[in-house]
Trainee: 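I'd like to ask you about the structure that follows.
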Amino acid sequence: MSTTERPRILVVGGGYVGLYAARRILKKMRYGEATVTVVDPRSYMTYQPFLPEAAAGSISPRHVVVPLRRVLPKAEVLTGRVTTIDQDRKVATIAPLVGEAYELPFDYLVIAMGAVSRTFPIPGLAEQGIGMKGIEEAIGLRNHVLEQLDKADSTTDEDVRRKALTFVFVGGGFAGAETIGEVEDMARDAAKYYNNVSREDMRFILVDAADKILPEVGPKLGQYGKEHLEGRGVEVYLSTSMDSCVDGHVVLKNGLEVDSSTIVWTAGVKPNPVLSRFGLPLGPRGHVDTGTTLQVQGTDYIWSAGDNAQVPDLVGRKAGNENAWCPPNAQHALRQARVLGDNVISGMRGFPQKEYSHANKGAVAGLGLHKGVAFIVVGKMKIKLKGRLAWYMHRGYHGLAMPTWNRKIRVFADWTLAVFLKREVVSLGAMETPREEFYEAAKPAPAPAVAAATKTEEKAKAS
Ligand SMILES: Cc1cc2nc3c(=O)[nH]c(=O)nc-3n(C[C@H](O)[C@H](O)[C@H](O)COP(=O)(O)OP(=O)(O)OC[C@H]3O[C@@H](n4cnc5c(N)ncnc54)[C@H](O)[C@@H]3O)c2cc1C
């Protein structure tokens, strides 16, 4: 890493906020004014709103991520985790992908570590649950679901078959409703290639502790979303939660019990727990406490935004809600990142800070091919759309919001190809253990004495 005499702006996290803030800083910075260092355990930014479509195979997974080194050529990008921050010495400890952890000095700090899945100590959840926060999980879910169809098609055991064809999704916000909508669509569509699996054999269940789904689009569209999913055969259970799922035996608080090989957990997010080691002021739910300028309370060299920050919602507060905070979504993350970038430059030059204020522009959600809901605010008008038109809005909005022209073009190309070509239904589950087969072929044969002993042991076990 660079050891120049320039001040260092350290950006912790290369997601939505980290990527856009670093780009903004680099754009506004004078040549040689500072070194911008971005640290993230992944070498790419993930466009999370497209994870459900990646899980359904509508977009190639690689097109949903943006390589940090390519889009930030003037920044220093380090692949690793920031594990601690020493504010007195202004140094961060970085745990790289390999090798010893090391210290990195900084002058200005941006905390943009996002959120992690919010889980509860539910028996079986850690072993059985599949999250939906990263591209790896989306790829894994797609392979897993298609593998369940392969299993169900090839078994003679009715219990195994029923378990394989039962899919449980917990959490009906953006992530949950979109994921079940996309995956159900993909799985039922794939059924036409299987002799022993029909669309009707599959059971999809959506569970939420709240009394509605899709709160982001408002009560009416949320209700429409629920009825729409129910119309497609999805069982929606509201005001209930999952008590346990040991070995895939799902028990809901409302008394329902089912066996399922697929339990997808999308029941909300919480700020990255690593924040508690940074010595920063945190809010009641663990978010970094920032002022309206995105500067961390009590500091003049640290900024934070996005899912890991509690940022006052000035629009909500002006409307009379004194406790309004910006919700954790891409719309705010993107806009906060720009203001944050400008404020870092101003802070470095000793200029005043700008306040962050953004009025909600609405929300769009895709629920499978040609299906969706959209709530758009234009001036004083609130437009509610559903069905195919909403789905076009969803694709148009996110397609254009996808960072970089390279990725926008690839995503639109994926969608265009899908109009002419059939959806890909191959499960590549073995991708998770690609060396297994080679290892079996290449591992040294056991010595004859060991082999004989193993055979005797096996015989003893069998009797
Ligand atoms: C499935 C899904 C669908 C969604 N759909 C929508 C939608 O339709 N509309 C919408 O507005 N919002 C949507 N969101 C929410 C939106 O994606 C987030 O609000 C947004 O990504 C937040 O940006 P962020 O920069 O705060 O966090 P992120 O984008 O999550 O970035 C955080 C980064 O920090 C990195 N990091 C973590 N730990 C460390 C560490 N110790 N050191 C260094 N780096 C670290 C992570 O690897 C990650 O790259 C969706 C989210 C999900 C999961």
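Source: prediction; values computed, not measured. Both counts, for ligands and for their atoms, begin at 1 and track the order of listing.
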Trainee: Less than 3.5 Å between some nitrogen or oxygen of A330 and one of ligand 1, yes or no?
Mentor: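 Yes, there is a polar N/O contact under 3.5 Å.
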Trainee: Check each atom of ligand 1 against the heavy atoms of G306 and keep those under 4.0 Å away; list them by number with element.
Mentor: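 Within the 4.0 Å cut-off of G306, ligand 1 contributes 26 (O).
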Trainee: For ligand 1, indicate whether the residue R42 contacts it via side chain, backbone, both or neither (heavy-atom separation under 4.0 Å).
Mentor: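 For R42, the contact with ligand 1 is made by the side chain alone.
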Trainee: Using modelled atom types and a 3.5 Å cut-off, is there a donor and acceptor pairing between side-chain atoms of E216 and backbone atoms of F174?
Mentor: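 Yes, the answer is positive, given that a donor and an acceptor are paired below the 3.5 Å cut-off.
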Trainee: Indicate yes or no: does an N/O atom of T46 lie under 3.5 Å from an N/O atom of ligand 1?
Mentor: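 In this structure, T46 places no N or O atom under 3.5 Å from an N or O of ligand 1.
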Trainee: May I ask you to test the I9-D107 pair for a side-chain heavy-atom distance under 4.5 Å?
Mentor: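 No, too far: nothing below the 4.5 Å cut-off.
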Trainee: Would you kindly check if the NZ (Lys) or CZ (Arg) of R410 is within the cone defined by 45 degrees around the ring axis of W405 and under 6.0 Å from the six-membered ring centre?
Mentor: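 No.
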Trainee: Under 4.0 Å, heavy atoms only, figure out whether ligand 1 is touched by the backbone of Y16, its side chain, both or neither.
Mentor: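 Y16 to ligand 1: contacts from backbone and side chain alike.
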Trainee: May I ask you to check if ligand 1 and D307 share an N or O to N or O distance below 3.5 Å?
Mentor: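 Between D307 and ligand 1 (N or O atoms, distance only) the closest approach is under 3.5 Å.
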Trainee: Output the list of atoms in ligand 1 that are nearer than 4.0 Å to some heavy atom of V39, sorted by atom number.
Mentor: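 It comes down to these atoms of ligand 1: 43 (C), 44 (N).
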Trainee: Is any side-chain heavy atom of K226 closer than 4.5 Å to a side-chain heavy atom of K212?
Mentor: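 No, their side chains stay 4.5 Å or more apart.
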Trainee: Considering the options I180, T179, D185, which one meets the side-chain contact (heavy atoms from CB on, under 4.5 Å) requirement together with V183?
Mentor: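 One option only clears the test, and that one is T179.
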Trainee: Should the ring pair H394 and H398 be called parallel, tilted or perpendicular, given that the plane angle runs from 0 to 90° and is split at 30 and 60?
Mentor: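 Answer is perpendicular, since the angle exceeds 60°.
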Trainee: Do the two ring centres, one from F167 and one from F204, sit under 6.0 Å apart?
Mentor: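 Aromatic pair counts; centres sit under 6.0 Å.
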Trainee: What is the closest protein heavy atom to atom 27 (O) of ligand 1, and at what distance does it sit?
Mentor: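 Checking every protein heavy atom, the shortest distance to atom 27 (O) of ligand 1 gives G114 CA, 3.3 Å.
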Trainee: Only heavy atoms count here, so choose which of A309, G13, P41 is nearest to atom 39 (C) of ligand 1.
Mentor: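 Of the listed residues, P41 has the closest heavy atom.
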Trainee: Would Q48 count as being in polar contact with ligand 1, using the rule that some N or O on each side must be under 3.5 angstrom apart?
Mentor: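 Between Q48 and ligand 1 (N or O atoms, distance only) the closest approach is under 3.5 Å.
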Trainee: With heavy atoms under 4.0 Å as the rule, classify the contact between P49 and ligand 1 as side chain, backbone, both or neither.
Mentor: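 Both backbone and side chain.
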Trainee: For atom 31 (O) of ligand 1, what's the nearest protein heavy atom and its distance?
Mentor: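 Among all protein heavy atoms, the one nearest atom 31 (O) of ligand 1 is G15 CA, 3.2 Å.
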Trainee: Can you see whether F375 has K382 sitting over its ring - NZ or CZ less than 6.0 Å from the centre and within 45° of the normal?
Mentor: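 No, K382 and F375 do not form such a contact.
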Trainee: Could you list which atoms of ligand 1 come closer than 4.0 Å to a heavy atom of A112?
Mentor: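 Reading through ligand 1 atom by atom, the close ones are 32 (C), 33 (C), 34 (O).
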Trainee: Just need the protein heavy atom nearest to atom 9 (N) of ligand 1, so name the residue and atom and give the distance.
Mentor: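 That would be F174 CE1, 3.6 Å.
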Trainee: What part of P328 sits under 4.0 Å from ligand 1 if we count only heavy atoms: the side chain, the backbone, both or neither?
Mentor: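 Looking at P328 and ligand 1, just backbone atoms fall under 4.0 Å.
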Trainee: I need the contact type for V17 against ligand 1. Using non-hydrogen atoms and a strict under-4.0 Å cut-off, is it side chain, backbone, both or neither?
Mentor: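 V17 to ligand 1: contacts from backbone and side chain alike.
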Trainee: Of all residues at least two apart in sequence or in a different chain, which pass the side-chain hydrogen bond (donor to acceptor under 3.5 Å, both in side chains) check with R81?
Mentor: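 So R81 forms no side-chain hydrogen bond (donor to acceptor under 3.5 Å, both in side chains) with any residue.
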Trainee: What atoms of ligand 1 come closer than 4.0 angstrom to any heavy atom of Q331?
Mentor: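 Here the atoms of ligand 1 in question are 11 (O).
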Trainee: If you measure every N or O of V82 against every N or O of ligand 1, does any of those distances drop under 3.5 Å?
Mentor: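 There is such a contact, yes.
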Trainee: How far is atom 53 (C) of ligand 1 from the closest protein heavy atom, and which atom is that?
Mentor: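 Heavy-atom neighbour on the protein nearest atom 53 (C) of ligand 1: M132 O, 3.3 Å.
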Trainee: Has ligand 1 got any nitrogen or oxygen that is less than 3.5 angstrom from a nitrogen or oxygen of D40?
Mentor: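 Between D40 and ligand 1, an N or O pair is found under 3.5 Å apart.
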Trainee: Under a 4.0 angstrom heavy-atom cut-off, which atoms of ligand 1 come close to V12?
Mentor: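 Listed by number with element: 42 (N), 43 (C).
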Trainee: If we only count heavy atoms from C-beta on, is the L104 to L10 side-chain gap below 4.5 Å?
Mentor: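 Yes, close enough: below the 4.5 Å cut-off.
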Trainee: For E322 and R317, run salt bridge (Lys or Arg N to Asp or Glu O under 4.0 Å): C-alpha distance rounded to whole Å, both residues' side-chain angles, the deciding distance at 0.1 Å, then the answer.
Mentor: CA-CA 5 Å; E322 279 180 21; R317 289 179 187 214; over 6 Å; no
Trainee: With respect to E33, which candidate in R6, R349, K27 satisfies the salt bridge (Lys or Arg N to Asp or Glu O under 4.0 Å) definition?
Mentor: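 Only match with E33 under salt bridge (Lys or Arg N to Asp or Glu O under 4.0 Å): R349.
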Trainee: Could you note down all residue pairs passing side chain to side chain donor-acceptor pair (under 3.5 Å) where residues 62-74 supplies at least one of them, sequence neighbours left out?
Mentor: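 Every side chain to side chain donor-acceptor pair (under 3.5 Å) pair that includes a residue of residues 62-74, provided the two are not neighbours, is H63-D414, R69-T79.
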Trainee: Using the rule ring-ring contact (aromatic ring centres under 6.0 Å, His included), only one of W415, Y392, W391 pairs with H370; which is it?
Mentor: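 In the set W415, Y392, W391, the residue that makes a ring-ring contact (aromatic ring centres under 6.0 Å, His included) with H370 is W391.
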Trainee: Where is the nearest protein heavy atom to atom 8 (O) of ligand 1: which residue, which atom, and how far?
Mentor: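 Looking at atom 8 (O) of ligand 1, the protein heavy atom closest to it is H398 NE2, 3.5 Å.
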Trainee: Using heavy atoms and a 4.0 Å limit, tell me yes or no: is E216 in contact with ligand 1?
Mentor: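 No, E216 has no heavy atoms under 4.0 Å from ligand 1.
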Trainee: Record the part of N272 in heavy-atom contact with ligand 1 below 4.0 Å; permitted values are side chain, backbone, both and neither.
Mentor: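 Side chain only.
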